[in-house]
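One structure below.
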Amino acid sequence: MIDLYTWTTPNGRKVSIMLEELGEPYEVHPVDLSHGDQHSPEFLAIAPSGRIPAIRDRDSGMTLMESGVILQWLAETRGRFLPAGRERWKALEWCYWQVGQLGPFLGQAHQVLKYNRGRTAESEQKCREQVARVYATLDARLRGRSYIAGAGTGEYSIADILTWPWVSRFEWHQADLADYPAVRDWYLRIADRPAVQAGYRQPHYVNDVPLP
Ligand SMILES: N[C@@H](CCC(=O)N[C@@H](CS)C(=O)NCC(=O)O)C(=O)O
């Protein structure tokens with residue numbers, strides 16, 4: 001049994017989607033970021049950075065923070081959603097790209113373009129350029145492929161599960177998916193999965209999966 005500490009954000013939904021995909025039993029512990037729950041001593045004992053998501057594996061007692069390693073650990077211990085051999089490294093390459101580039105750049109865009117809109121034209125322009133750049137990278141990768149990683153046209157993996165919840169906030173970072181047809185097709189393909197819809201609703205329902 002996995003204890004999942006999470007909130008209604010892209011990083012949180014990565015883990016609930018993965019657990020749903022695995023059919024893994026898990027208990028959700030909401031960490032209300034708007035009330036500062038992430039700073040409580042109880043949560044900091046599990047996630048020293050004070051950021052969701054985090055998990056605790058009841059069987060081993062191990063705790064993990066950071067969505068990338070949580071998904072990699074689940075994939076490797078359950079033997080699912082991570083290709084083998086050389087393709088494993090290519091999948092991890094895209095996982096690291098998500099955690100190191102796509103996530104932080106889109107997160108910054110949410111701060112500037114949604115929460116502080118109209119304050120600094122220069123920052124807004126910079127954010128739009130960064131959004132366009134990560135989307136162009138993803139679109140180029142997905143052209144002729146169904147999924148981000150895997151041989152041939154690809155196989156559904158943790159690279160998709162890490163990336164998709166951020167793209168689901170396309171309205172927040174003002175990306176028009178019509179400009180990125182390969183991303184749009186991939187986004188809709190994954191949005192159709194029952195496990196993705198179930199994981200998206202954790203720790204509680206906010207809205208249906210946004211559709212372009
Ligand atoms: N690199 C971390 C980022 C985690 C993160 O930024 N979590 C945000 C929500 S999406 C958070 O907990 N923010 C609360 C805070 O910064 O106080 C991961 O991938 O897990």
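Being a predicted model, the structure only gives us computed values, none of them experimental. When a ligand or atom number is given, it counts from 1 through the structure's own listing order.
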Using the rule given for ring-ring contact (aromatic ring centres under 6.0 Å, His included), can you reason through Trp7 versus His204, listing the C-alpha separation, both sets of side-chain angles and the distance that settles it, and then say yes or no? CA-CA 8 Å; Trp7 194 237; His204 60 255; 5.1 Å; yes
Near Pro53 (heavy-atom distance under 4.0 Å), the atoms of ligand 1 are 20 (O)
the protein heavy atom lying closest to atom 19 (O) of ligand 1 turns out to be Ser67 OG, 2.7 Å
To atom 1 (N) of ligand 1, the nearest of Arg13, Glu66, Gln38, Gln98 on a heavy-atom basis is Glu66
State whether the shortest distance between N or O atoms of His39 and N or O atoms of ligand 1 falls below 3.5 angstrom. no
In this structure, atom 13 (N) of ligand 1 is nearest to the protein heavy atom Leu33 CD1, 4.0 Å
*Find out whether the Lys NZ or Arg CZ of Arg193 is both under 6.0 angstrom from the six-membered ring centre of Tyr156 and within 45° of the ring's axis.*
yes
To atom 5 (C) of ligand 1, the nearest of Leu71, Val31, Asn11 on a heavy-atom basis is Asn11
Worksheet item: Given the rule in the side-chain hydrogen bond (donor to acceptor under 3.5 Å, both in side chains) test, do Tyr200 and Asp208 qualify, once you have shown the distances and angles that lead to the verdict?
Response: CA-CA 8 Å; Tyr200 185 87; Asp208 289 330; over 6 Å; no
Of all protein heavy atoms, the one nearest atom 10 (S) of ligand 1 is Thr9 OG1, 3.1 Å
- Crowded around Arg133 CZ? As in, over 12 foreign heavy atoms under 6.0 Å? no
Quick one: do Arg189 and Asp185 make a salt bridge, cutoff under 4.0 Å?
no
Counting heavy atoms under 4.0 Å, the part of Arg51 that contacts ligand 1 is both
Quick look: Ile52 vs ligand 1, heavy-atom contacts under 4.0 Å, and the answer is both
- Message: Is it true that, when you exclude Arg58 itself, more than 12 heavy atoms of the residues, nucleotides or ligands shown sit nearer than 6.0 Å to its CZ?
- Response: yes
Open item on the list: Whether Arg86 engages the ring of Trp89 as a cation-pi pair (distance to the six-membered ring centre under 6.0 angstrom, angle to the ring normal within 45°) should be assessed.
Closed with: no
